[in-house]
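Notes follow the structure.
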Amino acid sequence: RSMQVHALARVVAGTALSMLIMVAATAVSAQTWEYKSYKKQGMGSQYNKDVFTTGTISVEEKDGKAMFSMNAGSVDACLRGSIPAKVTKTDDTTIIEPQITLAGCEKFRYVIRNDGSGGQREVWRGEAWKNTGWDHGLTPKK
């Protein structure tokens with residue numbers, strides 16, 4: 001009788017562990033940051049550091065895949081919808097690099113400090129990442 005109880009306990013424990021692993025494998029992790037999106041004033045004009053919309057950027061990770069989305073006023077075609085992203089996390093930063101496949105779209109990434117103090121938007125120029133120098137906020141959305 002004791003052997004049957006132990007066998008049953010092993011089956012129950014094994015089943016519980018399998019269910020926990022399945023839940024962990026399908027777990028969804030999402031994070032959202034405040035984002036300043038700068039606007040041009042009129043056709044052919046330059047961006048203005050005083051004219052921006054405050055919105056958000058988000059990354060949702062599910063089953064080992066990350067999807068990036070932006071909600072910051074009217075966004076250009078390169079940034080509409082949910083976009084696959086490469087996300088790299090270190091102790092200090094989270095780097096989000098949207099994998100945009102639309103022709104003519106600029107290659108860029110966000111380097112966000114994990115301490116909540118903001119980050120920077122970088123663009124790919126001359127075979128290297130360059131900070132745009134604009135304050136995009138990039139602080140955690142409360």
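Worth saying up front: this structure is predicted, and the values here are computed from it rather than measured.
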Rounded to the nearest 0.5 Å, the CD1 atom of Ile95 sits from the CD atom of Gln120 at a distance of 9.5 Å
Contact between Trp33 and Val59 at the side-chain level, heavy atoms closer than 4.5 Å - yes or no? yes
What I'd like to find out is whether the side chain of Leu102 reaches to under 4.5 Å of the side chain of Asp76, using heavy atoms alone. no
Grab the two heavy atoms, one from Val87 and one from Ala66, that are nearest each other, plus how far apart they are. CG2-CB, 3.6 Å
Evaluate Asn114 against Asp91 for side chain to side chain contact (heavy atoms under 4.5 Å, CB included), listing each step before the verdict. CA-CA 7 Å; Asn114 293 335; Asp91 288 343; 5.9 Å; no
Quick one: does Pro84's side chain get under 4.5 Å of Met67's, heavy atoms only? yes
Starting from the C-alpha separation in whole Å, work towards a yes-or-no answer on side chain to side chain contact (heavy atoms under 4.5 Å, CB included) for Glu34 and Thr139. CA-CA 5 Å; Glu34 298 225 357; Thr139 53; 3.9 Å; yes
Distance alone, cut at 3.5 Å: any donor-acceptor contact between the side chains of Asp92 and Thr90? no
Minimum heavy-atom distance Ala72-Thr53, with the two atoms named: C-CG2, 4.0 Å
Among Cys105, Cys78, Pro98, Ser69, find the residue that satisfies the side chain to side chain contact (heavy atoms under 4.5 Å, CB included) test when tested with Ile83. Pro98
Rounded distance [0.5 Å steps], CD1 in Ile112 versus CD in Gln31: 7.5 Å
Between Phe108 and Arg121 the two heavy atoms that sit nearest each other are CG-NH2, 3.5 Å
How are the rings of Tyr35 and His136 set relative to one another: parallel (under 30°), tilted (30 to 60°) or perpendicular (over 60°)? parallel
Roughly how far, to the nearest 0.5 Å, is CZ of Arg125 from CG of Asn131? 12.0 Å
For Lys107, look at atom NZ and say whether over 12 heavy atoms of other residues, nucleotides or ligands are found less than 6.0 Å away. yes
Got a sec: does the NZ of Lys141 have more than 12 other heavy atoms crowding it under 6.0 Å? no
Stepwise side chain to side chain contact (heavy atoms under 4.5 Å, CB included) check, Thr93 with Thr88: CA-CA 8 Å; Thr93 62; Thr88 307; over 6 Å; no
Side chain proximity check, Trp134 to Tyr47, heavy atoms < 4.5 angstrom: yes
As an exercise, state the distance from OG1 of Thr56 to CE of Met70, rounded to the nearest 0.5 Å. 8.5 Å
Apply the side chain to side chain contact (heavy atoms under 4.5 Å, CB included) test between Glu97 and each candidate in Trp129, Trp124, Phe68; give the one that qualifies. Trp129
Residue pair Leu79, Ile100: steps toward the side chain to side chain contact (heavy atoms under 4.5 Å, CB included) verdict: CA-CA 8 Å; Leu79 296 170; Ile100 300 170; 3.9 Å; yes
Sub-4.5 Å side-chain heavy-atom contact between Leu138 and Val111: no
